[in-house]
2 protein chains.
Amino acid sequence: MDERSLLLLGLLLVQSQHGYQLNEFIERNLSRVTDMKKSTAYATLDRLCDAGFVDKHMEQEGNRPPRKVYAMTSAGKQHFYDMLRENLSHADQMNFASDIGMMFLDHLSRKEVLKLLESRLHQLQTQVDAYASAPKHRYGLGVDFAIEHHLVHLRADVTWLHSIIHRIKEDESDDGIE
Amino acid sequence: MDERSLLLLGLLLVQSQHGYQLNEFIERNLSRVTDMKKSTAYATLDRLCDAGFVDKHMEQEGNRPPRKVYAMTSAGKQHFYDMLRENLSHADQMNFASDIGMMFLDHLSRKEVLKLLESRLHQLQTQVDAYASAPKHRYGLGVDFAIEHHLVHLRADVTWLHSIIHRIKEDESDDGIE
DNA sequence: ACCCCAATAGTCAATAATGACTATAATGAA
DNA sequence: TTCATTATAGTCATTATTGACTATTGGGGT
């Protein structure tokens, strides 16, 4: 949640924007970096307002529906830098949903496990291709770093999964249950 | 959230347990695999009850406070296998909180960025040591796979962060803003 | 002139997750 | 014995997140 605030503040630091604009940008350019949804962005912006980190005011252009324009306050700038330093300097615990499944491997037959993991491997490889072919420099250097970071993890995952599949194939012990 | 249900069902598959027991086990043995909190486990168990996947009944031992014992139903078993197959066969999108910070690197001076990232690197290395020295076979092969998986990602992260730090040091362009 | 659809700009009720809290029993130390 | 800890077993109010929904407008086709 914290990093969602950081993202929104970072975007508002460059220029004031209205909600739709922020969400469009996130959807179009940052879908590989965050999965924050529209309504979460609005809720987070409201919280940032309550905390005094951004100002909100209505604006009307022509006779289009009125828009909420969000602008950084100076307290917000301070908070942005605080959060940024916190974010860059800390390695927070990662958790992988797929590890839960791995825990219960032995409840399925070896054959089925192999089929399932190979399907996962294919999807991973598709993701690798998507990230590898992502266009460069949409929003400064930082996004490229993030994409690269993702690729590193995806490739590590592919290698690991290969190894697991190989070991399960080689494993001549018993066949699992069910 | 889905993987939390999977975890609880998986634990209940082996034997019926009361809430405290489940939470103790998760805290003591699975803290490296999940970060689910006690209250989340109880809430999830309630939802699994409502869905008919587990039965709940009270039990009293001596004059200790009564306990809620959760037991898998046959619908629950089916659901467990469905979720397990789903979990093993799908590679869900990973998201890293730290990527958000990377996006805004250029708002800090190069010198400070290096200091912050080096601090992160140290923490990562501490985490690597913790996972590398984790005792084996607490709960079957699966947990070991999960620990190994974590290690792979942690090491990939260390390598990447090294590379980033190196590149930022080499980069003789300008010094960032602020 | 009229209609449909994509783009614009959000709202809201429902769900999920957690921190802080409650309450009792056994245990060991002073 | 009495008192403080720790272990046992949860509850609940608050916060966070999201899917589904509401409305309006501009523009293109016919």
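Values below: all heavy atoms of this structure, side chains included; hydrogens, waters and symmetry mates excluded.
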Spacing of [X] atom [atom1] relative to [N] atom [atom2], expressed in whole Å:
X: A:Leu45; N: C:dC12; atom1: CG; atom2: P; value: 16 Å
X: A:Leu22; N: C:dT8; atom1: CG; atom2: C1'; value: 14 Å
X: A:Asp2; N: D:dT15; atom1: CG; atom2: C1'; value: 13 Å
X: B:Leu48; N: C:dA16; atom1: CG; atom2: C1'; value: 13 Å
X: A:Arg67; N: C:dA7; atom1: CZ; atom2: P; value: 17 Å
X: B:Arg47; N: C:dT15; atom1: CZ; atom2: C1'; value: 7 Å
X: A:Met36; N: C:dG10; atom1: CE; atom2: P; value: 15 Å
X: A:Phe25; N: C:dA9; atom1: CZ; atom2: C1'; value: 19 Å

> side-chain hydrogen bond (donor to acceptor under 3.5 Å, both in side chains) with A:Trp160: which of B:Glu148, B:His153, B:His149?
Replying inline: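 The single option meeting the side-chain hydrogen bond (donor to acceptor under 3.5 Å, both in side chains) with A:Trp160 is B:Glu148.
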
> Does B:Tyr70 reach the side chain of B:Asp55, with side-chain heavy atoms less than 4.5 Å apart?
Replying inline: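 When only atoms from C-beta onward are counted, B:Asp55 and B:Tyr70 do not touch, as no gap falls below 4.5 Å.
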
> Do B:Leu88 and A:Leu105 have side chains that get closer than 4.5 Å, going by heavy atoms?
Replying inline: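 Yes, side chains in contact.
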
With a cut-off of less than 4.0 Å, is there a side-chain N or O of [X] near OP1 or OP2 of [N]?
X: A:Thr40; N: D:dA16; result: no
X: A:Arg4; N: D:dA16; result: no
X: B:Tyr20; N: D:dG10; result: no

> Does the base of C:dG19 carry an N or O that pairs as donor and acceptor with the side chain of B:Lys37 under 3.5 Å?
Replying inline: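 Per atom types, no contact qualifies.
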
>> Among D:dA16, C:dT11, C:dT18, which nucleotide has an atom closest to any side-chain atom of A:Ser39?
In response: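 Closest nucleotide to the A:Ser39 side chain: C:dT11.
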
>> At 4.0 Å (heavy atoms only), tell me whether A:Lys38 reaches a base, stays on the sugar-phosphate, or touches nothing.
In response: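 It contacts base atoms.
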
> For B:Ala43, which contact category applies under a 4.0 Å heavy-atom criterion: base, sugar-phosphate, or nothing?
Replying inline: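 B:Ala43: no heavy atom of the nucleic acid under 4.0 Å.
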
> Between A:Ser119 and A:Lys115, is there a donor-acceptor pair closer than 3.5 Å when you use the side chain of the first and the backbone of the second?
Replying inline: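 Side chain of A:Ser119 to backbone of A:Lys115: no pair is present.
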
> If every non-hydrogen atom of A:Cys49 is compared with every non-hydrogen atom of A:Lys56, which pair is closest and at what distance?
Replying inline: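 For A:Cys49 and A:Lys56, the tightest heavy-atom pair comes out as SG-CB, 3.7 Å.
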
